[in-house]
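One structure is given below, encoded as structure tokens.
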Amino acid sequence: MTLEALGFFVAVVIKAVLFSVALLTGFAYMTYGERRIVARMQWRVGPNKVGPWGLLQPAADGIKLLFKEQLQPKEAKTFLFVLAPMISLVVALSAYAVIPIDKDPVNIFGFNIEPWVANPSIAMLYLLGISSLGVYGIILGGWASNNKYALLGAIRSSAQLISYELALGTALVSPLLMVGSLSLRDVVAQQLDHSYLNGDGGWLILAQPVAFFLYWTAAVAEVNRAPFDLPEAEQELGAGYHTEYSGMKFAMFFMAEYVNMFTVSSVATTVFLGGPGGLPVDETQGLVYRLLAHGPHWFLLKVYFFMFVFIWLRATFPRFRFDQLMRIGWQFLLPLGLINLGVTAVGVAMQWKSYQFTIAVMSMLVTLVSLSLLNRKPQHH
Amino acid sequence: MIFAAKCVMALLAVVSAFGVALSRQAVHSALFLTCNLLCVAVLYLLMSLHFLGAAQLLVYAGAIMVVFLFAVTVLAPEDELLGKWNDPQRLAGVAVGAVLGAFLLLANSTAPLLDLSSPDFGSLKQFASELFGKYVFPFEGTAFVLLVALVGVVLLGHRRLRDLDRGGPSRD
């Protein structure tokens with residue numbers, strides 16, 4: 001192994017550790033933020049006793065979970081019972097490796113630092129592939145617990161994930177078709193210098209509003225968050241697949257859920273909202289302009305906006321019934337995604353301008369919505 | 001370095017393949033199969049066939065095995081023990097496996113080794129232009145066959161449900 005390869009290896013390891021630490025710290029403060037924000041939306045106060053404004057609450061929770069008794073059902077399959085939360089967390093963390101938090105490598109003290117852990121040409125496929133492995137943790141956790149509620153939660157979860165993965169994939173194909181690359185670095189770069197669609201592109205949400213809506217709906221379902229939180233419906237299943245887990249094993253499932261939320265928020269930011277892009281100013285005019293033009297702070301701002309939307313959704317919507325869940329996934333999101341993909345493909349082939357895309361997609365949406373309203377069957381109960 | 005990694009992965013793939021055949025529980029078998037598929041995906045990546053590795057991960061480990069595991073956990077045949085070693089079905093399986101293995105060995109020992117030195121080999125662009133250029137008819141044909149199979153399964157499933165509704169036990 002040459003010295004250069006060794007340096008590259010060490011840099012990747014350091015960056016991976018930094019990303020993981022950042023994600024887990026983010027998780028800890030998202031639990032605090034979620035409790036405070038939901039409390040505010042529900043006219044309560046939320047945790048405010050530990051430290052100033054309750055800011056040390058995550059640390060207190062962590063210590064409590066660390067020292068909690070590790071319970072395990074008598075007939076549980078020990079090996080898989082221990083393995084399942086680890087699979088969930090490892091898969092969730094490793095999905096983040098391909099997400100770029102800035103546009104170009106930055107030069108600090110003579111070191112050329114790339115703002116991503118890895119930049120393969122198949123980044124998007126890697127992301128979808130890795131995140132589709134997360135369901136193993138849930139199925140195995142539910143099965144190994146030897147508890148029928150846990151198993152029901154696991155089965156619900158796998159059915160839901162399989163159903164929505166298709167809609168998620170079709171929603172992501174349309175913007176990637178416009179960019180013409182699966183590498184997330186290319187996706188970001190082309191949005192920032194407007195180079196796709198013959199120099200007419202901007203943030204992809206403008207050209208692909210329907211794809212963004214589909215992606216976001218499917219993503220909320222993929223991470224099992226309200227209103228799609230049937231796998232852990234407290235009123236029906238205890239706590240779903242993690243009913244029998246306590247202490248750090250439970251915390252790992254919890255971490256995995258939040259890290260997955262960060263991942264889908266980051267993908268939404270990267271693919272649809274221009275990733276680390278900020279205001280349209282000339283970045284060559286000095287440091288301040290460069291910071292205004294793009295940077296990790298813009299990326300974080302957008303990601304935390306999406307995290308807030310997750311919390312907002314949870315406080316706003318009641319949970320779907322299972323048949324509604326399946327109907328939304330298969331009869332609404334997937335056909336709409338396929339139609340959108342078809343329209344996009346035609347547009348890319350005919351080299352439409354950006355606004356033509358928006359008009360085509362919006363008119364398609366209006367037609368579909370009016371058709372579905374006309375087609376509505378009367379509800380009998 | 002890469003050669004060592006390939007050897008480890010190949011060994012792991014073989015061990016997990018034996019695990020599939022020898023485990024006593026259906027869930028464990030399914031997990032070993034997942035492990036095997038993941039090893040093969042890593043082998044592809046080590047040969048710098050990036051698209052193939054990602055597709056293996058996405059399609060087999062991420063979708064098909066999840067459905068397998070789903071079915072196995074729902075229908076969970078509880079602790080199905082191994083039968084006797086001279087169970088005729090098992091002997092037949094071993095024989096078929098041996099014949100297949102022999103053929104594979106034979107084919108691989110005479111096949112010319114592909115030259116993977118070109119840096120573009122297996123890249124996304126090249127793969128796509130081959131798939132939608134040279135091999136577009138076989139590709140579309142396969143897609144059509146799969147569609148026919150899908151429609152057939154839906155049709156058969158529906159018929160069974162209808163029969164159940166007509167003459168089966170009441171479902172309330």
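Letters A, B, ... are given to chains in the order of the sequence lines, protein chains preceding strands, and every chain is numbered from 1.
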*Are any of the side-chain heavy atoms of B/Leu31 and A/Leu140 separated by less than 4.5 Å?*
yes
CZ (B/Phe70) and CG (A/Leu161) are apart, to the nearest 0.5 Å, by 11.0 Å
If one checks every heavy atom of A/Ile162 against chain B at 4.5 Å, the contacting part turns out to be side chain
Notebook entry, point to check: Tell me, do A/Leu80 and B/His28 make a side-chain contact under 4.5 Å, heavy atoms counted?
Noted result: yes
Find out whether B/Leu58 and A/Ser132 are in side-chain contact, i.e. whether some heavy atom of one side chain is under 4.5 Å from a heavy atom of the other.
yes
Cut-off 4.5 Å, heavy atoms of chain B, and the answer for A/Leu151 is side chain
Between B/Ala54 and A/Ile122, the two heavy atoms sitting closest are CB-CD1, 3.6 Å
The reported gap from CG in A/Leu182 to NE2 in B/His50 (rounded to nearest 0.5 angstrom) is 13.0 Å
So, the part of A/Ile130 with a heavy atom under 4.5 Å from chain B: the answer is both
When the 4.5 angstrom heavy-atom criterion is applied to B/Ala61 and chain A, the contacting part is both
CG of B/Leu69 to OH of A/Tyr136, rounded to nearest 0.5 Å, is 6.5 Å
For this session: Just do the side chain to side chain contact (heavy atoms under 4.5 Å, CB included) check on A/Leu133 and B/Leu38 with the steps written out, would you?
Result: CA-CA 10 Å; A/Leu133 294 184; B/Leu38 287 177; 4.2 Å; yes
